Amino acid sequence: MKATESLTVSSVSVLDLYESLRDEGYVGERDVADLLQARSALLDVEGRWPAETVVRLWQLAIARGASCDVGLRVGERLNDNHRGMLSNLIISASTLGEAVRLFQRYLPVMSQVDTVAVQPVAAGLKLSYGFRDPRFYSGLSVARSMSAAVAWARYLTGQPIEPVAAHFRADTVRRPEEYRRVFGDHCRFAMTEDALVLATDDLQRPLRQANHYVHTIIRDRVEDVQKLLVRADGLADVVRQVIADDLHRGGVTSEYVASRLNISRQTLHRRLSRDGVSFRSLLADTRRERARRYLKQGDGKIEHLSELLGYSEPSAFFKAFRSWFGCSPRQFALIEAQRRSSGPQG
């Protein structure tokens, strides 16, 4: 994993968070001097700031009494004056589903810390929120990200979009009614992940400001920025993320990943080899950990795992699984179910 100190976020995202927390009464001008030196430094649309800046802003708010419902309100704020490249790219997309995929693909342009895994489910798409380093996790930050996703979906489509499901890792929250106000009546707490499920019908809705010409221009620039970030980042970590994001689609080959990163397949293999890893090992590691997580959490049916892990043939999946864990997926799931039912030991 890349050193935490070198992870960055966009200037626009820092400015937006600072002004939102300021308006909520949790940070002030003195904090600008301590953290940011000068507010004007954040006005460079393509500027980058250490990810620790965002963490420190959240820490200040928490220390001054902010609870997770503050994160919900911050996420609902859509400031037209603080739109970065990723926001403008998403706005010009054709459908909400396309906007979700673009957000997942180019999220590092906004933040190299946050992650969003997108997975097809029966009802539509599940968006699972996380962080590249668990030290960045906070209930406020997650609440903000998930609230912002719903607010953007409503803004982009002009429709009262409501997620089919909203899951949160938090056991309890101070004001559950605020969560129901934002996400509807499908909120569940003490879950294994922070995730939203958006309905298929909503994902097909057209966006109000779709513009193919503008979209093409902005996407080219976003691609350039993403390419620069990849060069500065640890390539193996980036490759793992691309594999994890698109594994369920199948066909996640080294050629595919190289095209996503705008480098040649030969360059991809050469740089990974220089770092002491191979694409084959990264793919296998990602599949193994994804299979472990699905079965430990009891997510979905075993017969669907082969497809979710990008295998073209179930037999190849079962062979790989046995080599990883020494048993079949069904045996592994049974053992995990017994562990869950027996509760913690000792």
Side-chain angles (χ1 to χ4, degrees), residues 12-13 16-17 20 68-107 109-111 114-130 139-170 173 175-189 191 193-212 214-215 218-219 245 248:
V12 173
S13 64
D16 184 54
L17 177 59
S20 296
C68 289
D69 56 286
V70 173
L72 297 179
R73 294 197 298 274
V74 170
E76 289 182 292
R77 291 170 51 107
L78 302 181
N79 193 328
D80 289 340
N81 295 322
H82 298 158
R83 285 184 184 169
M85 287 183 289
L86 183 57
S87 298
N88 286 314
L89 178 67
I90 289 171
I91 287 171
S92 61
S94 58
T95 66
L96 182 59
E98 182 188 2
V100 169
R101 291 294 188 188
L102 288 167
F103 181 77
Q104 176 202 27
R105 179 168 185 172
Y106 296 112
L107 178 56
V109 172
M110 182 181 79
S111 170
D114 300 79
T115 65
V116 176
V118 177
Q119 174 189 338
V121 293
L125 285 179
K126 180 171 75 171
L127 285 65
S128 302
Y129 292 81
L140 278 83
S141 182
V142 168
R144 183 220 189 175
S145 296
M146 296 174 67
S147 175
V150 175
W152 272 98
R154 292 167 178 166
Y155 171 78
L156 293 171
T157 62
Q159 300 295 322
I161 303 293
E162 185 173 297
V164 177
H167 292 176
F168 304 92
R169 288 168 53 185
V173 293
R175 301 181 63 188
E177 69 276 7
E178 280 294 289
Y179 281 76
R180 290 191 291 271
R181 179 185 64 80
V182 175
F183 302 106
D185 295 326
H186 304 291
C187 299
R188 296 181 64 187
F189 301 96
M191 303 299 287
E193 62 180 345
D194 298 295
L196 296 173
V197 176
L198 299 179
T200 299
D201 289 347
D202 288 332
L203 293 165
Q204 295 172 349
R205 293 184 185 277
L207 302 194
R208 296 184 300 164
Q209 299 182 47
N211 187 313
H212 178 72
V214 171
H215 184 80
I218 298 174
R219 186 163 186 165
D245 288 346
H248 62 274

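Not measured: the values here are computed from a predicted model.
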* Asked: Is the closest side-chain heavy-atom distance between His215 and Leu89 below 4.5 Å?
  -> yes
Heavy-atom check, side chain of Arg144 versus side chain of Leu17, under 4.5 Å:
yes
Do Leu72 and Phe183 have side chains that approach each other closer than 4.5 Å (heavy atoms only, starting at C-beta)? yes
The ring-ring contact (aromatic ring centres under 6.0 Å, His included) partners of Phe189 (sequence neighbours excluded) come to Phe168, Tyr179
task: State, without any angle test, whether Gln209 and Tyr155 hold a side-chain donor-acceptor pair at a distance under 3.5 Å.
output: yes
* State, with a plain yes or no, whether a side-chain heavy atom of Met85 is found less than 4.5 Å away from one of Tyr106. => no
Between Gln104 and Asp245 the two heavy atoms that sit nearest each other are NE2-CB, 3.0 Å
Discussion item. Quick one, Leu156 and Arg205 - any side-chain contact, counting heavy atoms below 4.5 Å?
Written reply: no
(Q) Walk me through whether Val164 and Leu198 qualify under side-chain contact (heavy atoms from CB on, under 4.5 Å). (A) CA-CA 6 Å; Val164 177; Leu198 299 179; over 6 Å; no
Test: Arg73 and Glu76 ion pair at under 4.0 Å:
no
Q) Heavy atoms, side chains only, cut-off 4.5 Å: are Lys126 and His167 in contact? A) no
Just wondering, do Thr95 and Leu203 contact through their side chains at under 4.5 Å, heavy atoms? no
request  = State whether the number of non-hydrogen atoms from other residues, nucleotides or ligands found under 6.0 Å of Arg188 atom CZ is greater than 12.
outcome  = no
Item to complete: For the pair His186 and Val197, evaluate side-chain contact (heavy atoms from CB on, under 4.5 Å) and give the outcome as yes or no after the intermediate values.
Response: CA-CA 10 Å; His186 304 291; Val197 176; over 6 Å; no
Margin query: I want to check something: taking the side chain as every heavy atom from C-beta on, are Arg101 and Val118 in contact at a cut-off of under 4.5 Å?
Written below: yes
